[in-house]
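Heavy-atom basis, side chains included; hydrogens, waters and symmetry copies ignored. Each chain gets a letter, A, B and so on, in the order its sequence line appears, and its residues count up from 1. The structure presented is a predicted model; accordingly, all values stated were derived computationally and were not measured.
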Amino acid sequence: MKSLYYYRDRYVRAQPTAFCPGCGGGIILQCFLRAIDDLGIDKDRILAVSGIGCSAWIPSPYFDGDTLHTTHGRAIAFATGAKAFNPDLTTVVFTGDGDGAGIGGNHLIHAARRNIDLKVFLVNNFSYAMTGGQIAPTTLHGETTVTSPYGNPESPFDITQLVKAAGATYVAKWSTYHVVELTNAMKEALQHKGFSFIEILSQCPTQQRRVFNLRGALESLPPRILEMFGESTYVRGRPGKTGYLYAVPKGDVKETLIQAEALEGVKARIVDHIGFGQVVRVETKQPEVTREKLGGLSSVGGVADHLEKKIEVGLFERSERPEFTESLRAIMRKAKGE
Amino acid sequence: MLEPGRHLTLGNVACAEGALRAGCRFFAGYPITPASEISHHLSAELPKVGGVFLQMEDEIASMSSVIGASWAGAKAMTATSGPGYSLMQENIGYAHMTETPLVVVNVQRSGPSTGQSTDPSQQDIYQARYGAHGDYEVIAISPWSVQEMFDLTVRAFNLAEAYRTPVMLMSDGLVAHIQEKLVVPEKVEVVDRRKPTSKSSTPWGTDDPSLVPEMPAFGEGHRLLVTGSTHRPDGMRIVTPQYHQMTVYRIRDKILNAEPKIRDIHRVQMEDAEVAVLSFGASARPSLEAVNQARGEGIKAGLFRLKTIWPFPEEDVSALADQVDAVIVVEMNFGKLVREVERVACGRTKVVSLGKIGGQLHMAREVLEAIRGAAA
Ligand SMILES: Cc1ncc(C[n+]2csc(CCOP(=O)(O)OP(=O)(O)O)c2C)c(N)n1
Ligand code: SF4
Ligand SMILES: [Mg+2]
C-alpha cells in the first residue's frame with residue numbers, strides 16, 4: 001500500500017485543509033485520489049467541478065488538477081457544459097446533500113435522465129453544514145436542528161433511489177466507514193460510460209452533534225460517527241450480522257445498558273444509530289430468548305432486529321443506454337452528412 | 001449557414017448567423033418567446049460546424065453550462081428573455097468574477113413577470129447593468145435592425161473575447177421578429193481570447209496594460225482553480241480586503257479603461273442639431289423617422305443612438321448636453337436610461353423623458369410632438 005505522502009505529494013494542492021477535525025471530507029478526497037491513482041488516470045485529464053458547501057471544498061482547492069468551484073447547486077450544470085464541449089475530460093462532480101439534492105436537485109435528475117458521462121459524488125452529511133447545520137432535504141423526520149427546534153416536520157429524500165429512478169446508469173451508496181468499498185465504487189464510476197452517481201454518507205462532527213443529538217467532546221466524535229455508519233448500514237447482497245439485537249431505551253440509555261448487561265450470555269454496549277439514536281446493542285447466541293427478555297426490561301421501549309431501520313448501501317444500478325455526449329457527436333456526424 | 005450576400009431574414013436568425021461567424025461553438029438555452037428562433041436556428045447549424053447545442057432544464061442551467069463550456073475553450077452563448085434573464089443573474093455575476101467570456105442575448109419582452117409575454121420592451125437595461133449582486137462593470141450593446149442583430153452579435157463575441165467578460169446583447173421582441181435585409185459579408189473580423197504561452201501564467205492577474213489576463217482552458221495542464229470567491233492571480237481562494245480590492249477593481253478597470261473603444265454611437269444629423277433624440281434599439285427607429293419629419297419642418301433635430309449602452313458613454317453625452325438645447329430620451333419603459341442622461345447632463349440641457357410601456361413601439365408622431373415641444 002502506498003503511503004499517505006505518496007498521494008499528498010502527487011495530487012494535493014494545498015495543505016492543511018480547512019476541514020474541521022474529523023470531517024469526512026478528507027476521507028472522501030483520499031478515496032478519490034486512490035481511485036484515480038489505481039486506474040492510472042492522468043490528473044491533467046480530470047476536471048473536478050463542485051458547487052458551494054463544505055463538500056464543494058473537497059476538490060477545490062485541494063485536488064491538484066483542473067477545478068471549477070461554481071455557484072450553489074449548479075455544479076452539475078456547469079460540468080454538463082464543459083463535458084459536452086470537451087468529452088475527453090474525465091469530469092467529476094463533488095456536491096453536498098444541500099447542494100446536489102436541495103437547491104440543485106433539478107440539475108441532478110436531469111443529468112441522470114440525459115445519462116451524461118459525469119461522475120457525481122454526493123456527500124450526504126444530513127445537513128447544511130457550512131451554513132451552520134440547518135435542516136436539509138436529507139435530515140431525518142423529527143430531528144432538531146437550528147431551523148427545526150421542535151423537530152423536523154419534513155421527511156428526507158432517498159437520493160440514491162431518486163437518481164436511480166431518474167435514469168442514472170451507475171448508482172452506488174457507501175459511507176466514509178466503507179473506505180475500501182467506496183474507493184472501488186469510485187473506480188467503477190470512473191470507468192463507467194454514462195451518468196455515474198455515488199451517495200456518500202459522511203460525518204460532520206461539527207454539525208452532526210446537533211443533527212444526531214450527539215453529545216460529547218469533538219475529538220471523540222469522529223470515530224463514534226464512523227462507527228455509527230457501520231452500525232446503521234447493511235450491505236446489499238452480503239449476509240447481515242446475525243445475533244445482534246438493538247434495545248431502544250425508554251429513558252436513559254445507561255439504565256438500559258445496566259439492565260441488558262445483567263442478562264445471561266449477552267454482550268451489551270451503547271451505540272449510536274442513525275435511525276434510533278442512542279441504543280444498546282446486544283450480542284447474543286440465542287436471539288429468540290434474548291429478544292423476549294430484553295422486551296420485558298423496565299427501561300426498554302422496544303427491541304429491534306439488526307436489519308430494522310438500517311440504511312442499505314452497495315451497488316444499486318449498473319446498466320447501459322445511450323450516453324449523452326456520444327449522442328451529441330453522432331448528431332454532429334449526421335448534420336455534416338458523414 | 002447563410003451564404004455571403006443579401007438575404008431577407010428574421011432578426012433572431014441574423015443573430016444566430018452572426019454568432020456562427022464569430023466562432024460560437026456552444027449554445028445552451030431554454031425555450032422562451034421572443035428568443036426561441038435563435039435556438040431553433042443554432043440547433044440546426046451548430047452541429048454542422050462541430051458545435052454543441054444544448055437545451056437545458058432551465059435558464060440557470062443554461063447559463064451554468066455556457067460558463068463551463070467557455071472554460072473548456074468554447075466561444076459560448078445563451079439567449080433568453082426577461083424571466084429567463086432574471087434566473088441567469090447569479091451566474092452572470094459568477095462570470096464577471098471569474099472573467100469568463102460569453103454572450104448573453106436578452107430579447108427583451110414586456111414585464112414585470114410574464115407581463116405581455118410576446119410584446120417587445122426595453123425594460124431590462126438596468127438589470128443588465130446591476131442585475132447580479134456585487135460590484136462590476138458590464139458591456140451591453142443594443143441592435144436596432146436585422147443587420148445589427150448580425151453585426152452586433154459578432155461584436156458581442158469579439159468584446160467578450162477581447163476583455164474576457166460576459167457581454168449582453170440587449171435586443172428586443174421587435175428587432176428579433178422583423179424580417180429585413182441582411183447582408184452577410186464575405187469575411188467578418190473575429191477576435192479570439194489570448195491564450196497563455198507558459199504553464200506558469202496567472203489566469204486572474206496580468207502585467208498587461210489591458211488588465212485582461214490570458215485565459216487557459218481545462219485539459220491543457222494548467223491545473224486551474226476557477227472560483228467565484230475572491231482569489232489570488234493564480235486562482236487560490238483568499239478573501240482578504242487587499243485581494244478583494246485588487247481583483248474587483250481590476251475587473252472593473254479593464255472595462256472602464258477600454259470604454260472609448262467599446263463606445264459606439266450612431267449619429268444622424270447631429271452636426272448642427274439643437275434638439276437631440278437619444279434612443280437605442282427598436283425605439284430608435286420611430287425616433288429617426290421623427291427627426292427626419294422635424295427637419296422637414298425646419299427644426300434642427302438629430303438622432304443620437306447608443307449602440308453601446310453600458311458602459312454609459314459619459315464623455316459624448318456630456319458633450320451632447322453642451323451642444324443641444326434639449327435631449328429627448330425615447331425608450332420602451334417607464335423612463336430608465338433617462339436617469340443616466342440627467343446625471344451626466346447635470347442641468348446643462350433640458351432632458352425630456354419619453355418612456356412608453358404597453359408592448360408597442362412609439363409612433364413617430366409621438367416623438368415628433370416631443371421634438372416640437374422641446375424646440376418651441
Ligand atoms: C444561492 C445560495 N444560497 C445560499 C447559499 C448559502 N450556502 C452556502 S453553503 C450552503 C449549504 C451547503 O450544504 P451542503 O450542500 O449540504 O454542503 P455541506 O456544507 O453540508 O457539505 C448554503 C445554503 C449560497 N452560497 N448560495
Ligand atoms: S462543518 Fe462539518 S462538513 Fe464542514 S468542514 Fe466542518 S466537519 Fe466538515
Ligand atoms: Mg450537507
Donor-acceptor pair, distance only, cut-off 3.5 Å: does the side chain of [X] make one with the backbone of [Y]?
{"X": "A:K83", "Y": "B:A69", "result": "no"}
{"X": "A:K43", "Y": "A:Y11", "result": "no"}
{"X": "B:H231", "Y": "B:S229", "result": "yes"}
{"X": "A:N125", "Y": "A:C204", "result": "no"}
{"X": "A:T91", "Y": "A:L89", "result": "yes"}

Select one option (side chain, backbone, both, neither) describing which atoms of [X] are under 4.5 Å from chain B's heavy atoms.
{"X": "A:R114", "value": "side chain"}
{"X": "A:L47", "value": "side chain"}
{"X": "A:L68", "value": "both"}
{"X": "A:F324", "value": "side chain"}
{"X": "A:A79", "value": "neither"}
{"X": "A:A48", "value": "neither"}
{"X": "A:R113", "value": "neither"}
{"X": "A:R45", "value": "side chain"}

Between B:G219, B:S70, B:G93, which residue shows the highest count of heavy-atom pairs closer than 4.5 Å to chain A?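 Of B:G219, B:S70, B:G93, B:G219 has the most heavy-atom pairs under 4.5 Å with chain A.
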If we define contacts as heavy-atom pairs under 4.5 Å, which of B:S64, B:S65, B:G68 has the most with chain A?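 So the answer, after comparing B:S64, B:S65, B:G68, is B:S64.
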What orientation do A:H72 and A:Y128 show, parallel under 30°, tilted 30 to 60°, or perpendicular over 60°?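 The arrangement is perpendicular - the two ring planes meet at more than 60°.
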Do B:T100 and B:W71 have side-chain atoms, one donor and one acceptor, less than 3.5 Å apart?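 Yes - a donor-acceptor pair under 3.5 Å links their side chains.
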For A:Y170 and A:E317, does a side-chain donor sit closer than 3.5 Å to a side-chain acceptor?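 No, no side-chain donor-acceptor contact under 3.5 Å.
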Which region of [X], side chain (C-beta onward) or backbone (N, CA, C, O), has a non-hydrogen atom less than 4.5 Å from a non-hydrogen atom of chain A, or is it both or neither?
{"X": "B:F26", "value": "side chain"}
{"X": "B:A74", "value": "both"}
{"X": "B:L54", "value": "side chain"}
{"X": "B:M56", "value": "both"}

I'd like to know which of A:N86, A:T71, A:I52 tops the heavy-atom pair count under 4.5 Å against chain B.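 With the most close heavy-atom pairs to chain B, the winner is A:T71.
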Smallest separation among heavy atoms of B:E99 and B:P213, with atom names: OE1-CD, 3.4 Å
Looking at side-chain heavy atoms only, is the closest gap between A:F32 and A:T183 below 4.5 Å? no
